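What follows is a short report on a single structure.
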There are 2 protein chains.
Amino acid sequence: MGEMNIASTSRGNAHATMEDVAKLAGVSLKSVSRVINAEPHVSAKLRAKVEAAIAELNYVPDTAARSLAGSRAFIVGLLFDNPSPNYTMNIQKGVYETCRDQQHHLRIDNIDSTVPAEKFEAQLAAMVRNSRCDGFVLTPPLTDNVVLLDFLDRSGIRYVRIAPDIQPDRSPGVCIDDAAAAAAAARHLWELGHRRFAVVRGPASHGAAGRRRQGFIDELHRLGAENPIIEAEGNFSFESGIAAGAKVLAATPRPTAIFAANDDSAAGVMVACSQAGLKVPNDVSVCGFDDSWVAKSVWPYLTTVYQPIEEMGRAAAALLLRRDEPDNVLHELDFSLVVRASTAPPPQ
Amino acid sequence: MGEMNIASTSRGNAHATMEDVAKLAGVSLKSVSRVINAEPHVSAKLRAKVEAAIAELNYVPDTAARSLAGSRAFIVGLLFDNPSPNYTMNIQKGVYETCRDQQHHLRIDNIDSTVPAEKFEAQLAAMVRNSRCDGFVLTPPLTDNVVLLDFLDRSGIRYVRIAPDIQPDRSPGVCIDDAAAAAAAARHLWELGHRRFAVVRGPASHGAAGRRRQGFIDELHRLGAENPIIEAEGNFSFESGIAAGAKVLAATPRPTAIFAANDDSAAGVMVACSQAGLKVPNDVSVCGFDDSWVAKSVWPYLTTVYQPIEEMGRAAAALLLRRDEPDNVLHELDFSLVVRASTAPPPQ
DNA sequence: TTGTAGGCGTTATCAA
DNA sequence: TTGATAACGCCTACAA
């Protein structure tokens, strides 16, 4: 004992296998397996022996063998479609961290949902069949793609959805309370003294965008707003923000505070202000949503709602990896209002 | 023959295996394997039979079994550290596409290179050992991390580097000619009539940033520039762009054209212009580099150099997956100048 | 609590 | 050009 080292494993300089560990520890293969998988019914003494051998040999279980033989694959799949870079990278980072901490790998799959329906199913089938995965994390807009959800359910594949709009109890999921977050933004502007408001909407298909708008408006009414709230269409893009900003700024009387459904369109609104000869925040306050990377790529820095996107990724992966079958509940994470320089009291 | 269908595979409703295909085609296991792997010495007739069976059974090879038995894993690893969202997502998209087209999976691994050296090696070892991968695609700044490169070489693991700065012939790689690209930007500004130039540098540690600066300056000299070229430090960030912009705009006489080493700092320069009461492009022209997503999130839209980042990802993965041992050559892809609204002739 | 036998789906070796 | 048979490294029964 103790004389064996990494050079004496069964296959020359190859990595140690379970068999090497078993030999060194003087136990059976199955016992090593039990320790590795933290199965019950293992005596402390045996566990200690095995763990010592593992450490000495620098043993790491082989993922391919494990997934071939067992029911788990130690792989988490992350699915997205037409990703917005900032949002996606943050989600991915969070998912990755949970994977790493729980000894899983992260596999990426892009899905193109713009293809015809039949090709879409074929695409999914190919992806999933070839893909021993323990489950998938779904990001918007895939989160609400019924064809995909049906497919996964039919195939018996687990998944967790991030920020689902529809059928919230169909699967485990993580989200924030968009309405409450928008209400916080409304309160912030109200307390600064604003009384004339405008809202730049997100895409109609995007449920969270709708909840943000509604939450903002409802809170204003609750606070006693009397002036009509001006609204303009938007689609989350910078360009749509410029157009929407120009539109609401043309209203008479002009709004003194503009809430946009996300940061990108808020950045566009700021450009519209500048084009109209108005200073942010002295003449007009602008508030965004997401606290994405844009928020600090505009001047003045944008007041916005922080969404814990990375945390959502972490939580989603953790939900997926729970051994006990998780309930189909939607986990709500905390947001926070980030007050920067784009909001201030209205002119006199 | 032909009567067998997917329901009659060996294990009920499970997926078809190679054995099912072999039986249906009336050939041996190994023959199916040969067809799948496009090995030589297969008669056309046999191939046809096997392919028909594969199609009928909807057979897809099992990745886990393949990597356990064989030498390939059908997995490409993508490594990054401290990713800039836009750049990284583009690289990732390109790498993914090649993977998908060549029936490989894409695995993500984040590396934290800010940890102490010893922990860093341990981190790498854990990642690689546990990771049957056919190789890795390295993105900056990992591309030039000597500890990582040494580690991979020592472990005999293949890798392809994207935009390497150091030791360009150490491994296969893809890049663009940064100096030539910056020269193109210089020519564009020169031809607009500018004669007073400023450069906002990138981080000193970033080789490409240095090449951009040098390429820009050299080209101006070649064109016959006589005025001194004003320079300011920058680190690729929006904030550093604001500071650098303010600095170069304070010079007398003021430059009429500013070239920044990337789009983010160019966006900062535009803010500095605005803060100095100068209009872009009427008073000052600003040119960036990357054609990242920021370029169209500022107003006016940024003139910049397009880097084929997604294409670089595609090419890097393709290089990695070549069966014939590739040479350690650096493949240069094409850039292009994207003229938008932030550049114009200088004031009279 | 521990160990034994068999199989997961493929590739590799060698013989035919 | 084809085919039997043995790995690959681990897990799931089941037995002790």
Side-chain angles (χ1 to χ4, degrees), chain A residues 9-12 14-50 53-54 57-75 103 129-132 134 323, chain B residues 9-12 14-50 53-54 57-75 103-105 129-132 134 323:
Chain A
T9 56
S10 52
R11 295 180 312 136
H15 299 155
T17 78
M18 231 172 71
E19 199 180 339
D20 301 318
V21 175
K23 263 187 202 137
L24 177 58
V27 301
S28 74
L29 272 181
K30 179 61 205 179
S31 291
V32 179
S33 175
R34 286 202 176 92
V35 170
I36 288 169
N37 295 302
E39 287 173 31
H41 311 306
V42 181
S43 70
K45 199 170 143 194
L46 191 150
R47 175 185 310 284
K49 274 196 297 190
V50 171
I54 288 177
L57 293 175
N58 231 305
Y59 167 74
V60 178
D62 183 293
T63 314
R66 293 230 274 190
S67 66
L68 179 56
S71 54
R72 296 185 294 163
F74 298 90
I75 297 171
Q103 327 268 32
R129 218 150 12 79
N130 188 1
S131 162
R132 283 174 185 269
D134 298 301
R323 300 296 295 266
Chain B
T9 57
S10 51
R11 294 181 311 136
H15 300 155
T17 76
M18 233 172 70
E19 199 179 339
D20 301 317
V21 175
K23 263 188 203 133
L24 177 58
V27 300
S28 75
L29 272 181
K30 181 61 201 176
S31 292
V32 179
S33 176
R34 286 199 177 93
V35 170
I36 288 168
N37 294 302
E39 286 173 31
H41 311 305
V42 182
S43 70
K45 199 170 144 194
L46 191 150
R47 176 187 309 286
K49 274 196 298 189
V50 171
I54 287 177
L57 293 174
N58 229 303
Y59 166 75
V60 178
D62 183 291
T63 314
R66 295 230 276 187
S67 66
L68 179 56
S71 55
R72 295 185 297 163
F74 299 90
I75 296 172
Q103 326 267 32
H104 282 242
H105 287 294
R129 220 153 6 81
N130 189 0
S131 160
R132 279 175 188 271
D134 298 303
R323 300 296 297 265

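Chain naming here is simple, since letters A, B, ... match the order of the sequence lines and numbering starts at 1 in each. Not measured: the values here are computed from a predicted model.
- Computed from coordinates, the Leu68(A) CG to dA7(D) P distance equals 17 Å when rounded to whole Å.
- Nearest to the side-chain atoms of Ser43(A) among the listed nucleotides dT1(C), dG9(D), dC11(D) stands dT1(C).
- For His41(B), taking side-chain heavy atoms from C-beta onward, the closest of the listed nucleotides dG3(C), dC11(D), dT2(D) is dT2(D).
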Restricting both atoms to N or O, compile the protein contacts to nucleotides 12-16 of chain C shorter than 3.5 Å, with distance only.
{"unit_1": "dA12(C)", "atom_1": "N7", "unit_2": "Lys30(B)", "atom_2": "NZ", "d": "3.4"}

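- How far CE of Met18(B) is from OG of Ser31(B): 9.0 Å, rounded to the nearest 0.5 Å.
- Rounded to 10°, the helix from dT1(C)-dA16(D) to dA16(C)-dT1(D) has 30° between the axis fitted to its first five pairs and the one fitted to its last five.
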Please tabulate, for side-chain N and O atoms in residues 39-46 of chain B, each donor-acceptor pair with protein atoms closer than 3.5 Å (sequence neighbours left out).
{"unit_1": "Ser43(B)", "atom_1": "OG", "unit_2": "Leu46(B)", "atom_2": "N", "d": "3.2"}

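- Residue-to-nucleotide proximity on DNA chain D shows that, of Phe74(A) and Ser31(B), the 5′-proximal contact is made by Ser31(B).
- As judged by a 4.0 angstrom heavy-atom cut-off over every strand, Met18(B) is placed among the base-contacting residues.
- If you check dG9(C), dT2(D), dC10(D) against the side chain of Arg66(A), the one that comes closest is dC10(D).
- Using a 4.0 Å heavy-atom criterion, one finds that Leu46(B) contacts the sugar-phosphate atoms exclusively.
- The shortest distance between side-chain heavy atoms of Val27(B) and Val32(B) falls below 4.5 Å.
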Please report, to 0.1 Å, the donor-acceptor pairs under 3.5 Å made by any side chain of residues 66-73 of chain A, with sequence neighbours excluded.
{"unit_1": "Arg66(A)", "atom_1": "NH1", "unit_2": "Asn37(A)", "atom_2": "OD1", "d": "3.0"}
{"unit_1": "Ser67(A)", "atom_1": "OG", "unit_2": "Thr63(A)", "atom_2": "O", "d": "3.3"}
{"unit_1": "Ser67(A)", "atom_1": "OG", "unit_2": "Ala64(A)", "atom_2": "O", "d": "3.2"}
{"unit_1": "Arg72(A)", "atom_1": "NH2", "unit_2": "Asn37(A)", "atom_2": "OD1", "d": "3.4"}

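- Side-chain proximity of Asn37(A) to the nucleotides dC11(D), dT1(D), dT2(C) is greatest for dC11(D).
- When the P atom of dT10(C) is taken as reference, atom CG of Asp62(A) falls 17 Å away, rounded to whole Å.
- Look at CD1 on Ile36(B): it is 10 Å from C1' on dT11(C), rounded to the nearest Å.
- At dG9(C), none of the side-chain N or O atoms of Thr17(B) fall inside 4.0 Å of OP1 or OP2 (strictly under the cut-off).
- Asp20(A) places none of its side-chain heavy atoms less than 4.5 Å from the side chain of Leu24(A).
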